[in-house]
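Below is one structure, written out as structure tokens; comments come after it.
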Amino acid sequence: MSQPLVLPLKRNQKWAPNGKLDYARSARKWHIAPSAQTTFFVREATLIRTLKPAADGLVPEHEPLPSFAATAAEAPAAPALTQEKPGPLQQVFALFRRRGHGKVHKHKRGTAAKAEAGESEVPADDVQNDLEYVVPVLIGTPGVTLNLDFDTGSSDLWVWGPTITTNASSHTIYNPTASSTAKASQGLTWNISYGDGSSASGNVYTDVVTLGAIAIPGQAVEVADKLSSAFTSGDGSDGLLGLAFPSINTVAPTQQLTPVANMIKDKLVEQPIFTVKLDKEDSKGFYTFGALASAEAVGASVSDIQYTDVISTNGFWEFLSPSLTIGTTTSKREANNTAIADTGTTLLLLSDTACALIYRSIPGAKMDAQAGGWVLPTNSTPPNLSFGVGNAGLEFGIPGEDLKFADAGNGMSFGSVQSRGGNTQDILGDVFLKRVYAVFDQTPNAPKIGFVQRPFN
């Protein structure tokens, strides 16, 4: 078995779980459309907070049993498991994603959505702008080491540049003029803006990017020359490294390959894979590139990893997720339900029906708009949850205690499962990924994703 490149995770000391802020981040990133259960959503490119969702105050244990069958007829057809040219609908979706990989784009002045009664626009300071983990990455010659968020839900490599002076002393800055291997990419720019008013933009260079022992020459590096206060406040990461598919890279007018795609193209890795083990507050988390980690490092048998095909049409690590098990009861999900594995999202985002079923199993759980979403009694004993992966009957899960994401006050905890709103894909974020070892196989034209369950203890 070949030896992998192993990059240990570092815990971002700025990050702390905050239910409302993390849900706001999720809504912003995934452009969540409103539903009966969304306390944060996007309307007309503006991130909105509502204190009056239709389901506010809902105590599901007192309600009739929700049914996925009621929404099955309205579900869209499953994306084809193929890498053929997408149809018109998929092309429109892909174009939207390329313009911000699911992020909310700010309308021009005068066209933003107006908040209605019981609603308010969400300022950038009310959104969680950091992730729990960062990874050291060396860029340039001589190199500077930056701590970057690794995000399987986006495809850009962007970093703090030398024109950013606010709080610069708390960050490592990449200055392309100080690197002998940096080259300006004439005419290429990037600009990502969000519905809460936060934004990042700049120019593009190519340089040597080194992950551990692997040097990637000519890698596109998006250098920020403008960052809004949401990014410059505090001591968060020094940028982001996207691990999704290159089709959603946001550089214009010519999209750029991700570091993983370049590693594969240049044959810098033996296998076209990367893997992730998020730590469970034990400082044993890591990413690997080019090969699997050992069973000893994973804490589970790597020979037990089970794979399913990835639907990469939309640029994400997306797969069919046809079932949900709550305790010992398994339910068939909405027709053609899919899920996206995303290290750049903390929470789990499921359909309204799935959320109601889960919290119905926990006495005292309720929808609390003031608290920001679903909450459950901190002294409750929630059932374990498992999520379907592919069509072969595979399921991987989390212990019930992981539903208690953060303190919500008054003896309640903010739930780690919240509504995906009107979106059609589940998002399985870090709460799920901490309980599995995940393998992301980017074999051209045949991508797949694999999981093995890690022990709950």
For the rings on Y133 and Y287, is their centre-to-centre separation under 6.0 Å? no
In this structure, which one of I427, N337, I358, L357 forms a side-chain contact (heavy atoms from CB on, under 4.5 Å) with L350? I358
For a quick check under 3.5 Å, do S303 and S301 share a side-chain donor-acceptor pair by atom type? yes
Kindly give the heavy-atom pair with the smallest separation between F396 and V389, and that separation in Å. CD1-CG2, 3.7 Å
Could you give the distance from CD1 (I192) to OG (S199), rounded to the nearest 0.5 Å? 10.0 Å
Shortest non-hydrogen separation from N18 to F405 and the atoms involved: N-CE2, 3.8 Å
Taking every non-hydrogen atom, the tightest pair across T38 and G421: CG2-CA, 3.4 Å
Go through it in stages, so that I can follow the logic: the residues are K404 and S380, the test is side-chain contact (heavy atoms from CB on, under 4.5 Å), and I'd like the CA-CA distance, side-chain angles, deciding distance and then a yes or no. CA-CA 9 Å; K404 302 171 186 176; S380 62; 3.8 Å; yes
So do L9 and F150 actually touch side chain to side chain, heavy atoms under 4.5 Å? no
Side-chain contact test, heavy atoms from C-beta onward, threshold under 4.5 Å: evaluate it for P382 versus L376 and give yes or no. yes
Rounding to 0.5 Å, atoms CD (E318) and CG (L428) come to a distance of 11.0 Å
Rounded distance (nearest 0.5 Å) linking atom CG of L324 with atom OG1 of T329: 10.0 Å
Only distances under 3.5 Å count here; give the side-chain donor-acceptor pairs of residues 408-417 to other protein atoms, sequence neighbours excluded, each with its distance to 0.1 Å.
{"from": "S413", "atom 1": "OG", "to": "T378", "atom 2": "OG1", "distance (Å)": "2.9"}
{"from": "S416", "atom 1": "OG", "to": "D402", "atom 2": "O", "distance (Å)": "2.9"}

Using atom types as modelled and distance alone, determine if a side-chain donor or acceptor of R360 lies under 3.5 Å from a backbone N or O of E63. yes
Any donor-acceptor pair under 3.5 Å linking the side-chain atoms of Q418 with those of S26? no
Quick one: pull up CD1 in I32 and CG in L47 and give me the separation to the nearest 0.5 Å. 9.0 Å
Give a yes or no answer on whether the side chain of N262 reaches the backbone of Q219 with a donor-acceptor pair at less than 3.5 Å. no
Under 3.5 Å, is there a donor-acceptor pair between the side chain of D342 and the main chain of G153? yes
Measure from the side-chain N and O atoms of N384 to the backbone N and O of G397, and report whether any donor-acceptor pair falls under 3.5 Å. no
Taking the side chain from T288 and the backbone from F274, do they hold a donor-acceptor pair closer than 3.5 Å? no
When every non-hydrogen atom of A200 is compared with those of L227, the smallest separation belongs to CB-CD2, 3.4 Å
Could you tell me whether a side-chain N or O of Q271 sits under 3.5 Å from a main-chain N or O of T443, the two making a donor and an acceptor? no
Matching residue for S155 among V260, T258, L241 - test: side-chain contact (heavy atoms from CB on, under 4.5 Å): T258
Less than 4.5 Å apart, side chain to side chain, heavy atoms only: is that true for F41 and T50? yes
Check T338, T353, D426 against R333 for a side chain to side chain donor-acceptor pair (under 3.5 Å) and give me the one that passes. D426
Heavy-atom nearest pair, G388 first then S321, reads O-OG, 2.6 Å
Begin from the C-alpha positions of V159 and D238 and carry the test side-chain contact (heavy atoms from CB on, under 4.5 Å) through to its verdict. CA-CA 6 Å; V159 299; D238 304 317; 6.0 Å; no
For W160 and H171, take the angle between the two ring planes, folded into 0 to 90°, and tell me which bin it lands in: parallel under 30, tilted 30 to 60, perpendicular over 60. parallel
Short side-chain to backbone donor-acceptor contact, E61 and G364, under 3.5 Å: yes
Do S154 and D156 get their side chains close enough for a donor-acceptor pair, meaning under 3.5 Å? no
Please find the pair of heavy atoms, one from S419 and one from Q37, that lie closest to each other, and give the distance. CB-CB, 3.7 Å
Is L148 close to L157 at the side-chain level, that is, under 4.5 Å between some pair of heavy atoms? yes
Within 6.0 angstrom of K434 NZ, more than 12 heavy atoms from elsewhere: yes
Contact check, side chains of E222 and Q256, non-hydrogen atoms, under 4.5 Å: no
For the backbone of A341 and the side chain of T152, can you confirm whether one donor and one acceptor N or O come within less than 3.5 Å of each other? yes
Does K332 form a side-chain contact (heavy atoms from CB on, under 4.5 Å) with F68? I'd like the steps, not just the answer. CA-CA 7 Å; K332 185 177 179 180; F68 289 117; over 6 Å; no
Distance, nearest 0.5 Å, that separates CD1 of I340 from CH2 of W30: 4.0 Å
Interatomic distance, F40 atom CZ to K20 atom NZ [nearest 0.5 angstrom]: 7.0 Å
Less than 4.5 Å apart, side chain to side chain, heavy atoms only: is that true for T330 and E395? yes
Just by modelled atom types, is the P447 backbone N or O under 3.5 Å from a matching donor or acceptor in the Q442 side chain? no
Could you check whether any side-chain N or O of D368 sits under 3.5 Å from a backbone N or O of Q370, counting only pairs where one atom can act as donor and the other as acceptor? yes
Between T172 and T145, is any pair of side-chain heavy atoms under 4.5 Å apart? no
Hey, are the side chains of F451 and T308 touching, using non-hydrogen atoms and a 4.5 Å cut-off? no
